[in-house]
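A quick write-up on the structure given underneath.
Start at 1 with the first residue, then count along the sequence.
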Amino acid sequence: MADTIVEHGTIITMDPQRRVIEDGSVAIEGGRIVAVGPADEVAAAHPHATKRIDARHKAILPGLIDGHTHAGHAMIRTAGAGDTKAWYDTVHDIYNHGSGPEFWRLEAAMAATERLRFGTTTATALLGGGDSAMRCDDLRFVDAHCQSVAEVGIREIVVVGHPRGPYPADYSIWEGETRHRKAVPFETFRDVCAAAVDKWHGAVDGRVRIALLSPVHHDAAPQDNVAEHWAQTREMRELSRSKGVMWHQDGHRRGSIAWLQRETGALGEDAWLSHCIDITEEEMRLLAETGTRVAHNASAAFSIRGRCPAPELIDMGVLVMLSTDATAPDRSADQFRNMWQCMHYHRRHFRDDKVMPVGKVLEMVTIDAAKALHLDHEIGSLEVGKKADVITVDLFKPHMMPLHMPVHRVVCFAQGSDVSEVLVDGKLLVENGEVLSIDWRAMLRDVQVEADAAIRRTGRDAAFHTLPPNFWRHTHY
């Protein structure tokens, strides 16, 4: 018999039939879904549930999935105030030289809480900047991040990897106000990543997984250590295959995918690449032929500099998931905001308002994302036997009424703050918009203290407190 029933809501199942059930209920037992259907039928079959969640005037959906985010970024949002170079310089200084394990513990807790509150129950998070600021020089950083994720209660694929060379890399660890500076060889990053897989992959009842990463090499990257770069990429890709975990790269653009495949043969169904802007027809074919997945970040700065041909890739059979690239100076982890932006991004490109239907973009943050990450047997839709990752969205609000066309209203009008309940593995983590799993107010107070300390350690005050030229009364910075 069910122990929890989410009842009397409009269920957007995302199942193979894409059923939308008015006045429906989802019954949960032992963390898995045991019934999805009309409320009266579910109630009759499961009369003794101990927990009943009233979802009247709410949509019931599978938890959302974010295919590409960055650990660390939530702690330094707004840095640079529109100056991209200042942002990247700040990322490098604070991650590599201003942080200790406590920084990463608190940032992970805050980012996981933000996602949870917005209805994202599964995310992938790169432990750092993904290029020159991966914080995988010591297993303590991985431990701090994963322990916070476990405490908050979401699912996460933690992406660990090595920074761009040359090596040894210059890093600092802060323990309290004591700084330890060190030169880190590539082998240390490799060994920490291997240890992270052994310790954390499949941990916390399978909610925490590990993937491996190497930085992207493209025509603007330093060219003085190309042979070393490709050797390290091949080594990390082989490690991912031998360990049986997925492999990721962040920041592909025109020509870099073809170059990667020529040098390493790294593409495959166990790999996913982010951004993929202005890629060539050859590269689109390579992605389709190898089954490589794509994380499309419609709201990212990369998508301003170039375009990811997401609709074209989908039509070729490539699995494309929608991702926030969160958190950054100008965007959050709100996937509702991201869905809306994705639709308009491609409609503007084609000058066609029929591109990217509402249902397709919802698939890209649910069942398609689950398939891309090889998790669709467990999550991504509300079906009997799957993990009970369930969210409700309040439809009884001025910007969501009247109660017609629920899928359109969820995608076009909802925002993260409209999420009311969130369950992961059947455990209620958010109720009436209030996070239950941790004392998030105390955590945020600690976040402010640690963020201030990181800024002080690196002398990056200007990046957070100074407005750039032309901020007011101008159309360009």
Side-chain angles (χ1 to χ4, degrees), residues 2 4-28 33 35-46 49 51-65 116-121 322 334-344 347 353-354 356-368 380-384 386 388-424 428-435:
T4 301
I5 298 180
V6 186
E7 57 187 1
H8 295 297
T10 299
I11 306 176
I12 304 173
T13 63
M14 305 310 297
D15 68 7
Q17 295 75 40
R18 302 297 189 264
R19 291 181 300 157
V20 177
I21 305 171
E22 299 284 352
D23 192 23
S25 295
V26 177
I28 300 163
I33 297 170
V36 180
D40 56 350
E41 294 180 10
V42 173
H46 300 275
K51 176 73 174 178
R52 293 181 178 272
I53 298 171
D54 188 354
R56 286 179 176 85
H57 295 157
K58 296 176 182 178
I60 305 171
L61 295 94
L64 307 184
I65 301 169
L116 195 64
R117 182 62 190 81
F118 287 161
T120 294
T121 55
L322 190 58
D334 187 343
Q335 280 278 52
F336 294 93
R337 174 178 170 182
N338 209 38
M339 283 190 283
W340 187 92
Q341 189 157 353
C342 174
M343 290 188 296
H344 287 265
R347 290 171 182 176
D353 60 6
K354 295 181 177 62
M356 296 304 286
V358 164
K360 182 70 242 178
V361 294
L362 186 56
E363 290 170 350
M364 292 170 73
V365 298
T366 54
I367 190 62
D368 287 357
S381 60
L382 300 180
E383 298 181 68
V384 171
K386 286 194 173 185
D389 289 8
V390 184
I391 68 173
T392 69
V393 178
D394 191 349
L395 304 177
F396 200 68
K397 291 185 174 183
H399 64 284
M400 297 290 284
M401 292 290 286
L403 298 173
H404 306 135
M405 303 294 287
V407 182
H408 282 75
R409 284 183 294 119
V410 163
V411 174
C412 298
F413 297 101
Q415 49 200 1
S417 57
D418 294 321
V419 172
S420 184
E421 279 76 35
V422 179
L423 299 91
V424 176
L428 184 62
L429 301 180
V430 178
E431 186 172 26
N432 294 322
E434 182 70 16
V435 176

Q. Which atom names give the shortest non-hydrogen contact between His46 and Ile5, and what distance separates them?
A. O-CD1, 3.5 Å
**Q.** Minimum-distance pair of heavy atoms, taken over all atoms of Val424 and Asp389
**A.** CA-OD1, 3.5 Å
Q. Minimum heavy-atom separation for Asp418 to Phe413, with atom names?
A. OD2-O, 4.3 Å
Q) Taking atom CD1 of Ile391 and atom OG1 of Thr120, what is their separation to the nearest 0.5 Å? A) 7.5 Å
Q: Identify the heavy atoms of Asn338 and Leu322 that sit nearest to each other, and give their distance.
A: ND2-CG, 3.4 Å
Q) What pairs with Thr4 under side-chain hydrogen bond (donor to acceptor under 3.5 Å, both in side chains), at least two apart in sequence or on another chain? A) none
Q.
Between Arg409 (side chain only) and His399 (backbone N and O only), is there a donor and an acceptor less than 3.5 Å apart?
A. no
**Q.** Side-chain donor/acceptor of Asp394 to backbone N/O of Ser420, under 3.5 Å
**A.** no
Q | Polar side-chain atom of Glu7 near backbone of Ile53 as donor-acceptor pair, under 3.5 Å | A | no
Q: Would you check if the side chain of Ser381 reaches a backbone N or O of Ile367 as a donor-acceptor pair within less than 3.5 Å?
A: no
Q) Which pair of non-hydrogen atoms, one from Gly416 and one from Asp334, has the smallest distance, and what is that distance? A) N-OD2, 2.9 Å
Q | Gap between atom CE of Met405 and atom SG of Cys412 - 0.5 Å precision | A | 9.5 Å
(Q) Give me each pair satisfying salt bridge (charged side-chain N to carboxylate O under 4.0 Å, His left out) with a member in residues 13-28, each pair once, sequence neighbours excluded. (A) Asp15-Arg19, Arg18-Glu363
